[in-house]
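Notes follow once the structure below has been shown.
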Amino acid sequence: MLKLPEGMERVWLMKAKGMREVEIAEALGVSRQAVNKALKDARVKLFEAFFGLSEVFSWEIIRVNAEKGFMVARGKCGDRNTRVYAFYLPGKGVKAFFGEEFPEYILKHAVEVGIADEKSAEKLVKALES
Amino acid sequence: MRLSRTAPLPVRGIPLVLFAVSLSGITVATYLDRIIPIPWETAFVLLLILSQGSAVEVRGDNIVLIYGFGILKQRLPLDSINELSLLSRLEYGTILRHFKAYALTWLAIVLWLLFDFLALKAAGNPIRLYMDLFIIMTSLLFFLSLSVSRKHREILKWVVIASSIFMFTYPYQEWGLRALFPAFIFVLLATLIVRAFQNSDFILLIVRGNSYLLSSEKPEEGLKRIQEAIRHA
């Protein structure tokens with residue numbers, strides 16, 4: 001399972017939480033160019049992770065957002081076609097869910113990185129699907 | 001590498017300015033002609049052609065959006081893409097949410113032509129008056145197509161039915177039976193245009209916080225090509 005290198009993940013998470021590149025650079029004591037490079041590499045790695053996952057399970061990609069680290073896809077669960085939602089979780093890698101029910105930690109993560117405003121599965125699906 | 005049957009829409013930058021100016025220009029050409037008699041309509045049609053997207057290519061580490069048969073280009077660095085999505089397949093995805101200026105151009109056309117139709121009576125030109133009705137209906141349907149999500153698409157069907165009834169009854173009341181045949185052609189044409197637009201798939205690209213829209217008849221293939229390009233960037 002893909003995990004971003006620790007330093008890169010820290011930069012990506014700070015950006016996902018809404019910090020500007022200059023603020024991240026100041027907070028970590030590195031140059032803005034280094035932050036920019038880390039973010040570019042993180043985006044490419046996250047795209048690669050989501051594309052790879054959808055290829056392995058033959059899911060049809062509908063949306064991939066590398067800035068907030070999530071994917072919306074269509075896949076088969078048993079005999080029926082259903083929505084698949086995948087998230088990149090810092091320190092854990094990518095986790096995918098069929099349908100519209102999410103565990104508490106996903107709702108918490110979605111609020112933390114600004115995917116949704118509230119810890120509600122309905123609000124999260126609406127944010128992912130719009 | 002060219003993406004097959006995929007073209008960008010004029011939703012931002014110079015293409016959007018050209019699109020908005022030319023589309024509104026066409027509707028005011030009659031009035032401009034009275035002030036300075038030059039072929040305004042031809043000029044605005046040429047501008048409209050220039051604003052239209054013709055192709056999407058992957059060149060090196062960039063996606064190049066080509067407008068006006070290669071005259072205008074927008075380069076999007078592959079490593080700066082934040083999001084890639086099939087906007088038309090998202091349950092609550094609307095074009096209006098990402099491209100307000102593009103969608104509002106259609107609404108502005110509707111409002112201006114309503115004013116022209118009701119207050120100015122199309123400068124006393126009966127053919128233009130009739131054309132106003134047709135463009136109002138088509139532009140309104142376009143605006144609604146841009147603002148209604150996949151989940152609420154049923155609304156559009158009812159708007160098409162309501163506006164078709166209006167397109168038959170109003171001209172019939174004003175000009176009698178002779179207006180029915182052109183009304184039929186206009187309703188058919190407006191419905192076909194909007195249907196073709198609705199059946200297209202839209203690929204949304206967000207690059208450095210700016211959104212770009214591609215219309216595609218082969219969206220899965222288009223998405224795959226962009227995926228491959230990002231992987232090899």
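All values below come from the heavy atoms of this structure, side chains included, with hydrogens, waters and symmetry mates left out. Note on naming: letters A, B, ... go to the chains in the order of the sequence lines (proteins, then strands), and numbering restarts at 1 for each one.
Heavy atoms of Arg83(A) lying under 4.5 Å from chain B belong exclusively to its side chain. Proximity to chain B involves both the backbone and the side chain of Phe51(A), based on heavy atoms less than 4.5 angstrom apart. Proximity to chain B is absent for every atom of Leu46(A), based on heavy atoms less than 4.5 angstrom apart.
Counting only distance, with no hydrogens or angles, the side chain of Trp106(B) and the backbone of Thr138(B) share no donor-acceptor pair below 3.5 Å. Within the 3.5 Å criterion, the main-chain N or O of Phe19(B) finds a donor-acceptor partner in the side chain of Ser22(B). Side-chain N or O atoms of Tyr88(A) include none that pairs as donor or acceptor with a backbone N or O of Leu2(A) at under 3.5 Å.
Contact annotation for residues 75-97 of chain B against chain A (heavy-atom separation below 4.5 Å, listed by residue number): Asp79(B), Ser80(B), Ile81(B), Asn82(B), Glu83(B), Leu84(B), Ser85(B), Leu86(B), Arg89(B), Leu90(B), Glu91(B), Tyr92(B), Gly93(B), Arg97(B).
The residues Glu129(A) and Lys151(B) are annotated as not salt-bridged, no charged nitrogen and carboxylate oxygen being separated by less than 4.0 angstrom. We find that Arg10(A) and Glu6(A) are joined by a salt bridge, their nearest charged nitrogen and carboxylate oxygen being less than 4.0 Å apart.
Across Lys45(A), Arg74(A), Glu67(A), the residue that shares the most heavy-atom pairs under 4.5 angstrom with chain B is Glu67(A). Between chain B and the options Leu39(A), Val125(A), Asp41(A), Ile62(A), heavy-atom pairs under 4.5 Å are most frequent for Ile62(A).
For Arg150(B), the CZ atom counts as densely surrounded, since its 6.0 Å shell holds more than 12 non-hydrogen atoms of other residues, nucleotides or ligands.
There is a side-chain donor-acceptor pair under 3.5 Å between Trp112(B) and Thr27(B).
Taking the six-membered ring for Trp and thresholds of 30 and 60 degrees, His109(A) and Phe87(A) have ring planes more than 60 degrees apart, a perpendicular arrangement.
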